[in-house]
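Encoded as structure tokens, the structure appears first; notes follow it.
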Amino acid sequence: QVRLVESGGGSVQTGGSLRLSCEVSRDTYSSYCAGWFRQAPGKEREGVAFKYTGSYSTYYADSVKGRFTISHDNRAKTLYLQMDNLKPEDTATYYCAAVHPLNSGGYCPTLTYEYWGQGTQVTVSS
């Protein structure tokens with residue numbers, strides 16, 4: 001069973017930064033799609049950043065482009081989301097997610113994510 005465990009959420013003021021981490025148990029040497037999603041109260045879940053771990057390819061939602069950076073450390077088996085210049089509208093519960101390597105052969109943002117973390121809260125105050 002693959003487990004994803006997020007950490008790094010918290011409360012910051014507008015313009016501040018946070019870095020979220022997601023440790024992937026049973027990470028493999030095979031490449032796969034991984035991503036960060038968020039869900040604010042009363043809103044649908046949205047994908048904000050995606051990465052194919054075997055390449056430099058990254059994908060971002062327009063709302064976070066230029067402010068958020070997704071990365072993956074193969075040795076640490078950890079996915080990161082660096083969030084800079086945070087805004088109140090970034091307030092949400094953030095989830096990391098992954099696709100099994102065998103199912104990662106398409107466009108990462110549109111795949112069905114099979115493994116999910118428990119979520120970590122990010123709150124940005126004005």
Side-chain angles (χ1 to χ4, degrees):
Q1 183 70 24
V2 176
R3 286 186 64 229
L4 284 70
V5 180
E6 300 108 335
S7 60
S11 298
V12 296
Q13 292 188 326
T14 297
S17 297
L18 285 172
R19 188 174 82 154
L20 305 183
S21 300
C22 174
E23 185 173 354
V24 183
S25 70
R26 299 189 64 184
D27 199 348
T28 73
Y29 293 107
S30 298
S31 301
Y32 58 91
C33 285
W36 290 93
F37 295 76
R38 68 185 181 187
Q39 187 166 22
K43 294 188 176 181
E44 291 189 357
R45 185 176 63 199
E46 65 168 331
V48 295
F50 301 89
K51 178 172 176 52
Y52 187 66
T53 62
S55 77
Y56 294 106
S57 297
T58 56
Y59 314 88
Y60 297 95
D62 288 342
S63 57
V64 306
K65 202 171 293 184
R67 300 188 298 120
F68 289 12
T69 304
I70 187 172
S71 61
H72 179 258
D73 185 326
N74 286 324
R75 185 174 299 180
K77 301 181 181 181
T78 301
L79 184 73
Y80 300 99
L81 184 67
Q82 177 66 40
M83 304 185 294
D84 298 317
N85 191 21
L86 283 160
K87 305 176 180 180
E89 50 264 42
D90 295 318
T91 295
T93 301
Y94 284 71
Y95 301 87
C96 63
V99 182
H100 191 283
L102 292 178
N103 299 324
S104 292
Y107 182 53
C108 288
T110 62
L111 298 179
T112 297
Y113 281 72
E114 302 159 89
Y115 310 109
W116 292 83
Q118 81 284 359
T120 186
Q121 178 67 36
V122 171
T123 303
V124 185
S125 58
S126 57

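From a predicted model like this one, the values you see are computed outputs, not experimental measurements.
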Given the rule that I, L, V, M, F, W and Y join up when any side-chain heavy atoms are under 4.5 Å apart, are Leu4 and Leu20 in one cluster? no

hydrophobic_cluster_shared for Phe37 and Leu79, side chain cutoff 4.5 Å: no

Please check this pair: side chain of Ser104 against backbone of Cys33, looking for a donor-acceptor N/O pair closer than 3.5 Å. yes

Atom pairs and distances, side-chain donor-acceptor, residues 106-119, under 3.5 Å, sequence neighbours left out:
from: Thr110; atom 1: OG1; to: Tyr107; atom 2: O; distance (Å): 3.0
from: Tyr113; atom 1: OH; to: Cys108; atom 2: O; distance (Å): 2.9
from: Glu114; atom 1: OE1; to: Asn103; atom 2: ND2; distance (Å): 3.1
from: Glu114; atom 1: OE2; to: His100; atom 2: N; distance (Å): 2.7
from: Glu114; atom 1: OE2; to: Asn103; atom 2: ND2; distance (Å): 3.3
from: Trp116; atom 1: NE1; to: Tyr113; atom 2: O; distance (Å): 3.0
from: Gln118; atom 1: OE1; to: Glu6; atom 2: N; distance (Å): 3.4
from: Gln118; atom 1: NE2; to: Glu6; atom 2: O; distance (Å): 3.2
from: Gln118; atom 1: NE2; to: Glu6; atom 2: OE1; distance (Å): 3.4

Between Tyr59 and Ile70, does a side-chain contact (heavy atoms from CB on, under 4.5 Å) hold up when you go through it step by step? CA-CA 9 Å; Tyr59 314 88; Ile70 187 172; over 6 Å; no

Cut-off 3.5 Å, no hydrogens considered: what does the side-chain donor-acceptor table look like for residues 40-50, sequence neighbours left out?
from: Glu46; atom 1: OE2; to: Arg38; atom 2: NE; distance (Å): 2.7
from: Glu46; atom 1: OE2; to: Arg38; atom 2: NH2; distance (Å): 3.1

Within the side chain of Ser57, is there an N or O that forms a donor-acceptor pair under 3.5 Å with the backbone of Tyr52? no

Got more than 12 heavy atoms from elsewhere within 6.0 Å of CD, Glu89? yes

Can you check whether Lys51's main-chain N or O pairs, donor with acceptor, with Thr58's side chain at less than 3.5 Å? no

Contacts of Arg67 that satisfy side-chain contact (heavy atoms from CB on, under 4.5 Å) - sequence neighbours left out: Val64, Asn85, Lys87, Asp90

Surrounding CD of Gln82 (heavy atoms of other residues, nucleotides or ligands, distance under 6.0 Å), is the total greater than 12? yes

Between Thr14 (side chain) and Ser125 (backbone), is there a donor-acceptor pair under 3.5 Å? yes

Would Tyr32 and Val2 satisfy side-chain contact (heavy atoms from CB on, under 4.5 Å), going step by step from the backbone distance to the final call? CA-CA 13 Å; Tyr32 58 91; Val2 176; over 6 Å; no

Pairing residues for Lys65 by the salt bridge (charged side-chain N to carboxylate O under 4.0 Å, His left out) criterion, not counting sequence neighbours: Asp62

For Ser71, which residues count as a side-chain contact (heavy atoms from CB on, under 4.5 Å) partner, sequence neighbours excluded? Tyr80

Sort and list the pairs that fulfil disulfide bond (SG atoms under 2.5 Å apart) and have at least one residue in residues 40-106, not counting sequence neighbours. Cys22-Cys96

Applying a strict under-4.5 Å side-chain criterion to I, L, V, M, F, W and Y, I'd like to know whether Trp36 and Leu18 cluster together. yes

What one should report as the nearest heavy-atom pair of Thr53 and Ser31 is OG1-CA, 3.3 Å

Any chance you could measure Glu23, atom CD, to Asp73, atom CG, to the nearest 0.5 Å? 11.0 Å

